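Below, all heavy atoms of this structure are taken into account, side chains as well, without hydrogens, waters or symmetry copies. What you see is a predicted model; the values in this text were computed from it and never measured.
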Amino acid sequence: MLSTIKINENPKHPDTFTALSHVSSKPHNRKIGDVAQTWHLTDEKPSEAYKNGNDEKVCGDCPLRSPAAGGNGACYVVLIHGPNGVHSSHRTVEENRPVNQEVQPLPDTIDKPIRFGAYGDPILMPIELVRELASKAQGHIGYTHQWQTCDQEFRHYLMASVDPAMAKRGGVTTYELAQQAKAMGWRWFRILEQNELPMADEVQCLNETHGIQCAKCLMCNGSRKNAKNQPKSITIYVHGTGAGNVSS
């Protein structure tokens with residue numbers, strides 16, 4: 001069974017929690033590579049939470065969340081794989097009652113980069129926890145759809161997720177939405193449709209162009225504090241099992 005530890009519970013949603021995985025093992029993800037990962041889960045199995053619309057508790061108002069929660073179902077995460085597996089490692093049944101694992105101390109060091117939000121939105125963690133995890137790891141990557149409303153310090157650790165459904169909801173193009181993120185101090189990660197190209201202040205994901213894994217690239221690491229010239233933001237072409245719904 002996958003080795004994970006629970007590192008946080010969300011007081012706003014007592015039935016949600018954050019798990020940390022792959023500190024001492026390697027994920028089976030050829031794009032991401034060898035990174036530790038955080039997962040943001042409800043007490044309900046992720047595939048069931050999706051069916052019931054309860055994924056909103058960990059996905060917020062992300063337009064790619066489940067149709068039952070008001071989204072378009074275009075999220076690329078395959079719930080029956082990683083999310084369900086991590087969830088199972090934190091749940092036992094005692095006297096016909098589901099029991100959650102207790103919150104555990106963080107490891108002293110994480111000898112690899114960390115990926116915030118393998119599933120769920122990492123802004124569910126306190127910013128202090130994100131800061132501490134980043135300080136223990138050998139680099140970090142992560143994304144949030146909640147960049148317009150979250151604690152703005154998250155911009156130093158996460159990319160602003162920008163996709164066609166989110167832009168459509170705001171009545172703008174994806175690039176115009178990206179420029180809104182830029183005005184707020186964020187770098188962004190923008191989903192391109194098949195007929196689009198990156199703009200001058202963007203670069204295409206290096207995994208798409210050169211096969212470089214995220215663990216080696218680490219360009220999706222948020223904005224640099226107090227830097228006058230930020231690195232280019234990142235684009236990627238629409239992908240995943242729900243790709244056909246990404247614009248709806």
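Judged by distance alone, the side chains of E44 and N52 do bring a donor and an acceptor atom under 3.5 Å apart. Q152 and W147 share no side-chain donor-acceptor pair at under 3.5 Å. There is no side-chain donor-acceptor pair under 3.5 Å between S89 and H87. Side-chain atoms of N84 and S47 form a donor-acceptor pair, as typed in the model, at a separation below 3.5 Å. Side-chain atoms of D15 and T42 form no donor-acceptor pair, as typed in the model, at a separation below 3.5 Å. Side-chain atoms of N221 and R187 include a donor-acceptor pair closer than 3.5 Å.
Between the OG atom of S24 and the CD1 atom of I110 there is a distance of 11.0 Å, given to the nearest 0.5 Å. Separation of atoms CE (M184) and CD (Q179) is listed at 13.5 Å; rounding is to 0.5 Å. How far CG of L20 is from OG1 of T38: 7.5 Å, rounded to the nearest 0.5 Å. Note that the OG1 atom of T174 and the CG atom of D163 stand 8.5 Å from one another [nearest 0.5 Å]. Taken from NZ in K6 to CZ in F17, the straight-line distance is 5.5 Å, to the nearest 0.5 Å. Here the straight-line distance linking atom CD1 of I114 with atom CG of L218 works out to 12.0 Å at 0.5 Å rounding.
For K45, there are no salt bridge (Lys or Arg N to Asp or Glu O under 4.0 Å) partners, not counting sequence neighbours. Considering only residues two or more places apart in sequence or on other chains, S161 meets the side chain to side chain contact (heavy atoms under 4.5 Å, CB included) condition with Y143, H145.
Clustering ILVMFWY residues whenever any of their side-chain heavy atoms sit less than 4.5 angstrom apart, transitively, puts V103 in a cluster other than the one holding V130. Linking Ile, Leu, Val, Met, Phe, Trp and Tyr residues whenever their side-chain heavy atoms come within less than 4.5 Å leaves I32 and L158 in two separate clusters.
Side chain of Q213 to main chain of R30: a donor-acceptor pair is present (N/O by atom type, distance under 3.5 Å, no hydrogens or angles). For K136 (side chain) and P107 (main-chain N/O), a donor-acceptor pair under 3.5 Å exists by modelled atom type. In terms of modelled atom types and a separation under 3.5 Å, the side chain of S233 and the main chain of W188 share a donor-acceptor contact. Judged by distance alone, with hydrogens and angles left aside, the side-chain atoms of Q146 form a donor-acceptor pair with the main-chain N or O of C59 at under 3.5 Å. Side-chain atoms of Q104 do not come within 3.5 Å of backbone N or O of I7 as any donor-acceptor pair.
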Checklist entry - So T4 and H22, side chain to side chain contact (heavy atoms under 4.5 Å, CB included) or not? Walk me through it. => result CA-CA 7 Å; T4 63; H22 298 101; over 6 Å; no
Next on the checklist: Working note: K182 + D201, criterion side chain to side chain contact (heavy atoms under 4.5 Å, CB included); need CA distance, chi angles, decisive distance, verdict.
Outcome noted: CA-CA 10 Å; K182 181 178 181 179; D201 51 359; 3.9 Å; yes
Next on the checklist: Checking W39 against S21 for the side chain to side chain donor-acceptor pair (under 3.5 Å) test, could you report, in this order, the C-alpha distance in whole Å, the side-chain angles of both residues, the deciding distance, and whether it holds?
Outcome noted: CA-CA 8 Å; W39 307 75; S21 73; 2.7 Å; yes
Checklist entry - Is there a side chain to side chain contact (heavy atoms under 4.5 Å, CB included) between L124 and V58 once you walk through the steps? => result CA-CA 7 Å; L124 292 174; V58 293; 3.8 Å; yes
Item to check | Verdict with reasoning, V162 to I191, per side chain to side chain contact (heavy atoms under 4.5 Å, CB included) | outcome: CA-CA 6 Å; V162 173; I191 295 178; over 6 Å; no
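Between R131 and E153 the shortest side-chain heavy-atom distance falls below 4.5 Å. The side-chain heavy atoms of I236 and Q204, taken from C-beta on, include no pair separated by under 4.5 Å. Considering only heavy atoms from C-beta on, V86 stays 4.5 Å or farther from Y119 through its side chain. With a 4.5 Å cut-off on side-chain heavy atoms, L129 and L106 count as touching. Between H140 and V35 there is no side-chain heavy-atom pair separated by less than 4.5 Å. Counting heavy atoms from C-beta on, the side chains of D121 and H40 never come closer than 4.5 Å. Between I141 and F116 there is no side-chain heavy-atom pair separated by less than 4.5 Å. For the pair I212 and C205, the minimum side-chain heavy-atom distance is 4.5 Å or more.
When every heavy atom of C220 is checked against every heavy atom of I234, the shortest pair comes out as SG-CG1, 3.8 Å. For the pair V77 and A118, the tightest heavy-atom approach, listed with the atom from each and the gap, is CG2-O, 3.9 Å. In plain terms, the two heavy atoms of T16 and K57 that are nearest each other are CG2-CB, 4.0 Å. Across P67 and Y50, no two heavy atoms sit closer than the pair CD-OH, 3.4 Å. Considering all non-hydrogen atoms of both residues, G117 and P122 come closest at CA-CD, 4.0 Å. When all heavy atoms of S135 and E132 are compared, the closest pair comes out as OG-O, 2.7 Å.
Note on K26 versus D34: no salt bridge recorded, every NZ/NE/NH1/NH2 to OD/OE distance being 4.0 Å or above. Salt bridge E202/K232: absent, no basic N to carboxylate O contact under 4.0 Å. A salt bridge links E48 with K51; the closest basic N to acidic carboxylate O contact falls under 4.0 Å. A salt bridge links E196 to R190: at least one charged side-chain nitrogen sits closer than 4.0 Å to a carboxylate oxygen.
Heavy-atom contacts from other residues, nucleotides or ligands closer than 6.0 Å to CZ of R224 number 12 or fewer.
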